[in-house]
Structure formats: C-alpha cells, structure tokens
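Data first, discussion second: the structure below is written as structure tokens.
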Amino acid sequence: MSSSLTSTISASLTPEYDALWHKLHPLQHEMIITGVGRRVYPLLEYQFSGMNPEKMYTTSVHFEYVDDKKLRFCKGKYVESVSQEKKEAPRKVQHKSGAKLGSKWMASPVNFEDVRISNKKMREEEDSSNVHLHAQHRYLPVLTITEEGGSNYEIRLSHTVFITATLYHIDEVCKIKTESNEYAKSNREDRRRPRAVESLATSPPIKKSRKETPAHEEAVLVASVPAVLNSIPSTPTNDPVLLRTLPFPSAGLFTQTQSSSTIPAVQVVPPANPLNAFSAIPWLNPLNNPYLLAAMGLQFPTISFPYLPSTPYSPLTPTSSISPDSQPTQPEDPVKTAVIDKVIKEEADV
C-alpha cells in the first residue's frame with residue numbers, strides 16, 4: 001500500500017475477496033474484457049479506516065499500466081514484447097454514493113461492483129461506469145480517496161495485478177472464478193443440465209435432421225409412410241433360387257453350383273434337332289449358348305419345368321419286305337377282291 005500523502009487513512013480488501021485475489025495472483029491472474037463491458041471479478045470491495053469522521057470524502061477507482069509490455073500466450077505461457085498501444089490518461093470512475101462523511105465510509109464495506117472494463121473506446125462515451133483497457137496488458141487497480149479541501153490518497157495493492165484477455169488461457173484461473181463468481185454460475189456443469197432440461201420442457205419440439213434421427217425412429221417413420229405406386233415400372237429382378245434350376249449359366253450372371261441336395265442336378269441337354277439348322281450348330285443352339293439370348297436382349301423364363309427323361313435315339317427299321325424305294329400299295333377292298341375272284345373262277349370253268 002502506498003499513498004501520495006503521509007496519513008493514517010488506509011484501505012484493504014474485505015477478507016472474502018482478498019483471499020481470492022491472493023489465490024489468483026501467483027497464477028498470472030487473467031481478467032476477461034469484452035466489447036460491451038464486463039464486471040471486474042473478484043470485486044474491488046474495500047474497508048476504510050483512519051478517516052476523520054467529521055470530514056467529507058469521495059472515492060474513485062482507475063486502472064494504471066504496470067509496465068510497457070504486451071503479452072501473448074504462446075505454448076502454454078505468456079511471452080512479453082514491447083507494447084505499441086497509445087497510452088492515455090486513465091479514466092477514474094467515481095463511487096455512486098458520491099461525497100459522504102468519513103464515519104459513513106468506515107461503517108460498512110465499499111465496493112465498486114458497477115465498474116465495467118471494455119476493449120472498446122466508444123463504451124466510455126456511452127456509459128460513465130465503463131473503462132477502456134487494452135487487451136494483453138498488465139493493469140493495477142488504484143483506489144483514490146479525496147478529502148474535502150483537495151487532499152488525495154492513492155492506495156495500491158500489489159496482489160491485485162491482472163492481465164487483460166478476451167478468453168481464459170489458464171484453466172486454473174477459469175475454474176476458480178467459475179466456482180466462486182455467482183454471475184458465472186451459468187457456465188458450471190451442475191447448472192447447465194437443469195437449465196437445459198427446463199428449456200426443453202418449455203420450448204416447442206425441434207424437428208430432427210436425418211443425421212440426428214436414431215435408426216429405430218427412422219425405421220418407424222419409413223414404415224408409417226404409405227406406399228405410393230410409381231407410374232414407371234421398375235426393372236424386374238431374377239430370383240437366384242429359380243435361376244439355379246436352369247441347366248445352364250443364367251445369361252452370364254453366375255455359374256450354377258450344387259448348393260443343396262434339394263436343388264435338382266444339371267440335366268443332359270437333348271441332341272440338336274436335325275430339321276433345325278440353327279440348333280444343329282452348337283454355338284447357335286440357345287440351349288448350349290445362353291449368352292446368345294442375353295446378347296439379343298432375351299432371357300429364358302425363370303419357371304422351372306419338371307424333368308422328362310429323354311429316350312435314346314434309335315434309327316427306323318423296315319417292318320416289311322417291301323423296299324423302301326418302292327411305292328406303297330393301297331389297301332385291298334374286300335368286296336372288290338371277292339368280285340375279281342368270282343370273275344376269274346367263271347372264266348376258268350369255261
């Protein structure tokens with residue numbers, strides 16, 4: 001603590017917040033600043049002593065540069081470089097209570113909870129409680145006590161130095177502030193879940209995307225949609241079981257294999273019909289070359305027919321002594337034969 005005048009007036013942080021400042025100081029205390037302005041935490045809450053109870057005092061707070069260094073967080077630590085920022089006179093924020101007697105100031109703790117720090121210069125013009133600070137710099141809060149008549153007392157506490165940042169880089173600093181700051185409890189895990197459940201109960205149902213829909217729910221949705229007949233006929237599909245019953249490979253799709261005892265064995269192809277010139281040629285016989293039909297855009301029916309055993313081929317044998325080259329005779333008429341025999345007999349008697 002230091003003061004501009006030798007005096008008995010002194011100030012210290014209240015025990016609750018003084019312990020937090022001491023705990024954060026060796027960790028390289030990070031203080032978050034935003035464009036709209038953010039509350040200083042831990043709070044700057046002081047206890048005054050040594051004031052003249054009969055005199056009037058005003059109090060204010062400002063933030064001064066600790067050094068002329070700019071800090072960048074790199075590889076788990078802060079690296080210093082020379083600051084190029086334009087340094088301006090610090091802005092002092094007066095306490096909202098204004099001027100009061102020394103006895104009033106010393107009666108209860110005095111906090112500056114309305115002070116906000118921002119990285120936007122224009123915020124100082126919009127709100128008198130906002131203070132513009134540059135990011136990645138070290139600052140020290142300074143308490144100024146002004147006595148009636150113009151005497152000023154400046155009080156600095158070395159363990160209240162902090163580094164301005166737009167986000168936390170040190171996890172331990174973030175954890176301490178989150179667990180102790182009542183304004184940051186919305187970031188705690190035990191508070192997020194009740195808020196999420198409450199928001200789901202009060203908010204309207206959200207339509208799920210296809211990626212977020214579980215597999216069983218998607219199956220139910222597909223089953224519930226009525227089938228709509230398509231005007232364009234679909235391509236017919238071949239049943240593999242029926243195709244296996246054919247005595248040849250089915251149009252080049254696959255070769256028949258004996259996969260089960262229930263499937264009939266491949267039957268012997270009957271000989272070519274001698275009256276059919278195409279069937280006499282092996283590669284033009286559709287029974288021997290099913291790929292020919294596939295090339296012509298045709299396909300054998302997939303209906304299996306019962307097997308009829310083929311009879312062995314036997315050549316024709318003559319059944320009479322008549323030469324095959326002679327002309328066949330007409331069958332004899334019994335009446336005509338009897339008349340001829342009668343005429344011959346009468347001629348013989350004469």
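In this chain, residues are counted from 1 in sequence order.
- Listed for the H22 side chain is no donor-acceptor partner under 3.5 Å among the backbone atoms of L20.
- Contact check on E80 versus K70 returns no salt bridge, with no Lys/Arg side-chain nitrogen under 4.0 Å from an Asp/Glu carboxylate oxygen.
- Side-chain atoms of T166 and N119, non-hydrogen and from C-beta on, do get closer than 4.5 Å to each other.
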Derivation of the side-chain hydrogen bond (donor to acceptor under 3.5 Å, both in side chains) call for S118 and R38: CA-CA 6 Å; S118 171; R38 191 179 179 96; over 6 Å; no

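- Taking the side chain as every heavy atom from C-beta outward, I163 and Q28 approach each other to under 4.5 Å.
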Test side-chain contact (heavy atoms from CB on, under 4.5 Å) applied to L24 and V173, step by step: CA-CA 7 Å; L24 293 168; V173 173; 4.1 Å; yes

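- When the shell of 6.0 Å around CG of D171 is examined, it contains 12 or fewer heavy atoms from other residues, nucleotides or ligands.
- Between E172 and K177 there is no salt bridge, since no side-chain N of the basic residue sits under 4.0 Å from a carboxylate O of the acidic one.
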Audit row: L71, V79, side-chain contact (heavy atoms from CB on, under 4.5 Å) steps and yes/no: CA-CA 5 Å; L71 299 95; V79 179; over 6 Å; no

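- Using modelled atom types, one side-chain atom of T178 and one backbone atom of C174 make a donor-acceptor pair closer than 3.5 Å.
- S128 contributes atom OG, which lies 10.0 Å from atom CD of Q94 (distance to the nearest 0.5 angstrom).
- Counting heavy atoms from C-beta outward, W105 and V110 have side chains that approach closer than 4.5 Å.
- Side chain of R123 to backbone of G37: no donor-acceptor contact under 3.5 angstrom is found.
- At a cut-off of 3.5 Å, with distance as the only test, no side-chain donor of H134 or T164 sits close to an acceptor on the other residue.
- More than 12 heavy atoms of other residues, nucleotides or ligands shown are found within 6.0 angstrom of CD on E88.
- For the pair F48/I145, a side-chain contact is recorded, criterion being any heavy-atom separation below 4.5 Å from C-beta on.
- Crowding of K100 atom NZ: a count of heavy atoms from other residues, nucleotides or ligands under 6.0 Å exceeding 12.
- One hydrophobic cluster, built from ILVMFWY side chains closer than 4.5 Å, holds both Y41 and I176.
- Note that OG of S180 is 8.5 Å distant from CD of E16, once rounded to the nearest 0.5 Å.
- Placement of I117 and V36 in two distinct hydrophobic clusters is found when ILVMFWY residues are connected by side-chain heavy-atom separations under 4.5 Å, directly or transitively.
- Note: E154 CD to T146 OG1 = 9.0 Å, rounded to the nearest 0.5 Å.
- Taking a cutoff of 4.0 Å between a charged side-chain nitrogen and a carboxylate oxygen, R138 and D67 qualify as a salt bridge.
- Of the N and O atoms on the side chains of Y78 and E30, at least one donor lies less than 3.5 Å from an acceptor on the other residue.
- By the rule that hydrophobic residues join a cluster once side-chain heavy atoms approach within less than 4.5 Å of another member, Y17 and V161 end up as members of separate clusters.
- Proximity of K96 to F112: side-chain heavy atoms (C-beta onward) are nowhere separated by under 4.5 Å.
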Verdict with reasoning, S81 to R72, per side-chain contact (heavy atoms from CB on, under 4.5 Å): CA-CA 8 Å; S81 61; R72 292 181 176 84; 2.9 Å; yes

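- If you check the side chains of T14 and E45, you find a donor sitting under 3.5 Å from an acceptor.
- Using a 4.5 Å cut-off on side-chain heavy atoms (C-beta onward), I344 and K342 make no contact.
- Judged by the 6.0 Å and 45° rule, K87 forms a cation-pi pair with Y65.
- The shortest heavy-atom contact between P53 and M106 is CG-CE, 4.4 Å.
- Between M56 and L101 the shortest side-chain heavy-atom distance falls below 4.5 Å.
- Note that CG of L143 and NE2 of H95 are 10.0 Å apart. Values are rounded to the nearest 0.5 Å.
- Within the 4.5 Å cutoff, no side-chain heavy atoms of V115 are placed close to those of R39.
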Test side-chain contact (heavy atoms from CB on, under 4.5 Å) applied to Y57 and N52, step by step: CA-CA 9 Å; Y57 296 89; N52 189 339; 3.4 Å; yes

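- Using a 3.5 Å distance cut-off with no hydrogens or angles, the side chains of H159 and D18 do pair a donor with an acceptor.
- Distance check, rounded to the nearest 0.5 Å: OH of Y153 to CE of M51 gives 9.5 Å.
- N130 contributes atom CG, which lies 11.0 Å from atom NE2 of H132 (distance to the nearest 0.5 angstrom).
- Hydrophobic clustering keeps F63 apart from V142 (ILVMFWY residues linked when any side-chain heavy atoms are closer than 4.5 Å, directly or through intermediates).
- Cluster annotation: L27 and F73 are assigned to the same hydrophobic cluster (Ile/Leu/Val/Met/Phe/Trp/Tyr, side-chain heavy-atom contacts under 4.5 Å, transitive).
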